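Here the structure is a predicted model, which means the values were calculated and not measured. Below, each value reflects all heavy atoms present in this structure, side chains not excepted, and no hydrogens, waters or symmetry copies. Order of the sequence lines sets the chain letters (A, B, ...), proteins ahead of strands, with each chain counted from 1.
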There are 2 protein chains.
Amino acid sequence: MTLHRPLPPDMFDELCPSSLLPFRFGDKWAALVMRCLEDGPRRFSELRVPLARVTPKVLTQSLRGLERGGLVSRTVHADPKAGVEYALTPLGRSMLEPMNAACEWAAEHWDELLDARERHIAT
Amino acid sequence: MTLHRPLPPDMFDELCPSSLLPFRFGDKWAALVMRCLEDGPRRFSELRVPLARVTPKVLTQSLRGLERGGLVSRTVHADPKAGVEYALTPLGRSMLEPMNAACEWAAEHWDELLDARERHIAT
DNA sequence: CCGAATCCATAGGGATACTG
DNA sequence: CAGTATCCCTATGGATTCGG
């Protein structure tokens, strides 16, 4: 079998770590975190508000992962009062575009997605 | 903090199972499977060729997951010769669009992604 | 305020071998 | 051909507690 266009370098290749795959943006919360940073830099405690369901440890994990991936930057301010600021990098910001497209797709088909799931639970 | 547009119904809500999130398309191999079905229905053994790294058990798992999600259909033909065919549902097909957009994004920024990762390993 | 350290539970993926 | 059946094992997420 052949695919029209090759995937990134080669998604079928072992070398492609699945964590870099465009549709597996990091961990469980990564996408949500990204969206919370959409409007500008945020401090840790600010992120904890909308992400109340995420424990600090897990949130840190997620942020570290995004940092490693070059999608988020972490800056410790000299003034301790300023805290630590997380922000999207240009790369991270560029990722919002396809991500939001995916979001909109999901929003449009939300009921179909839920239907399909319910139906299979019933069966 | 507020987001301009609400996410799907409400991504921050507990009710939103993360498996339905647009950027976490099912399991590790789901996206690859979808792309393999892009050009038309395929049988199990046909899928195993490009997905040679995936064991049959895991491939089955992935297909079942996609089926539950309403993205892929599974049809057992009366004639045993025809085998079992997997195909994208209209819903599944509609998902290829945002997914491919994400793919293209990844392809464009592939080196940046790798760079960021390497840099952090070095450190 | 921003995490780190520890411990735990589970699920997901994988290897291997076997069946209708 | 199209899966099952086991068994294992690590990674991830989560609760809780502690530190700079």
**Prompt:** Is B:R43 near enough to D:dG3 that one of its side-chain N or O atoms lies under 4.0 angstrom from OP1 or OP2?
**Reply:** no
**Request:** In whole angstrom, give the distance that lies between atom CG of A:L63 and atom P of C:dG3.
**Result:** 8 Å
**Request:** Output the single nucleotide from C:dT16, C:dG3, D:dA2 whose closest atom is nearest the side chain of B:R74.
**Result:** D:dA2
**Protein-nucleotide distance (A:R48, atom CZ; C:dC1, atom P), rounded to Å** = 10 Å
**Asked** Is the distance from OP1 or OP2 of C:dG14 to the nearest side-chain N or O of B:K28 less than 4.0 Å?
**Response** yes
**Item:** Nearest-neighbour nucleotide for the B:W29 side chain, C:dA17, C:dG14, D:dA2 considered
**Value:** C:dG14
**Request:** Determine: side-chain N/O of B:S45 to OP1/OP2 of D:dA2, distance under 4.0 Å, yes or no.
**Result:** yes
**Asked** Any side-chain N or O of B:R64 under 4.0 Å from OP1/OP2 of D:dG3?
**Response** yes
**Request:** Output yes when at least one side-chain N/O atom of A:R42 is less than 4.0 Å from OP1 or OP2 of C:dC2, else no.
**Result:** no
**Fill in**
Of the candidates D:dG3, C:dG13, C:dC2, the side chain of B:Y86 sits closest to D:dG3
**Message:** Rounded to whole Å, how long is the line connecting atom CG of A:L59 with atom P of D:dG13?
**Reply:** 12 Å
**Message:** Please confirm whether the shortest side-chain N or O distance from B:R53 to OP1 or OP2 of C:dA15 is below 4.0 Å.
**Reply:** no
**Item:** Value in whole Å for how far the P atom of C:dC2 lies from CG of A:L47
**Value:** 9 Å
**Asked** Of the candidate nucleotides C:dG13, D:dA15, C:dA15, which contains the atom at the shortest distance from the side chain of B:T55?
**Response** C:dA15
**Fill in**
Among the nucleotides D:dA2, C:dC2, D:dT4, whichever has the atom closest to the side chain of A:F44 is C:dC2
**Item:** B:R93 side chain to B:E38 backbone, donor-acceptor under 3.5 Å
**Value:** yes
**Asked** Counting N and O atoms only, with roles assigned by atom type, does the side chain of A:S73 sit under 3.5 Å from a partner on the main chain of A:T89, one being a donor and the other an acceptor?
**Response** no
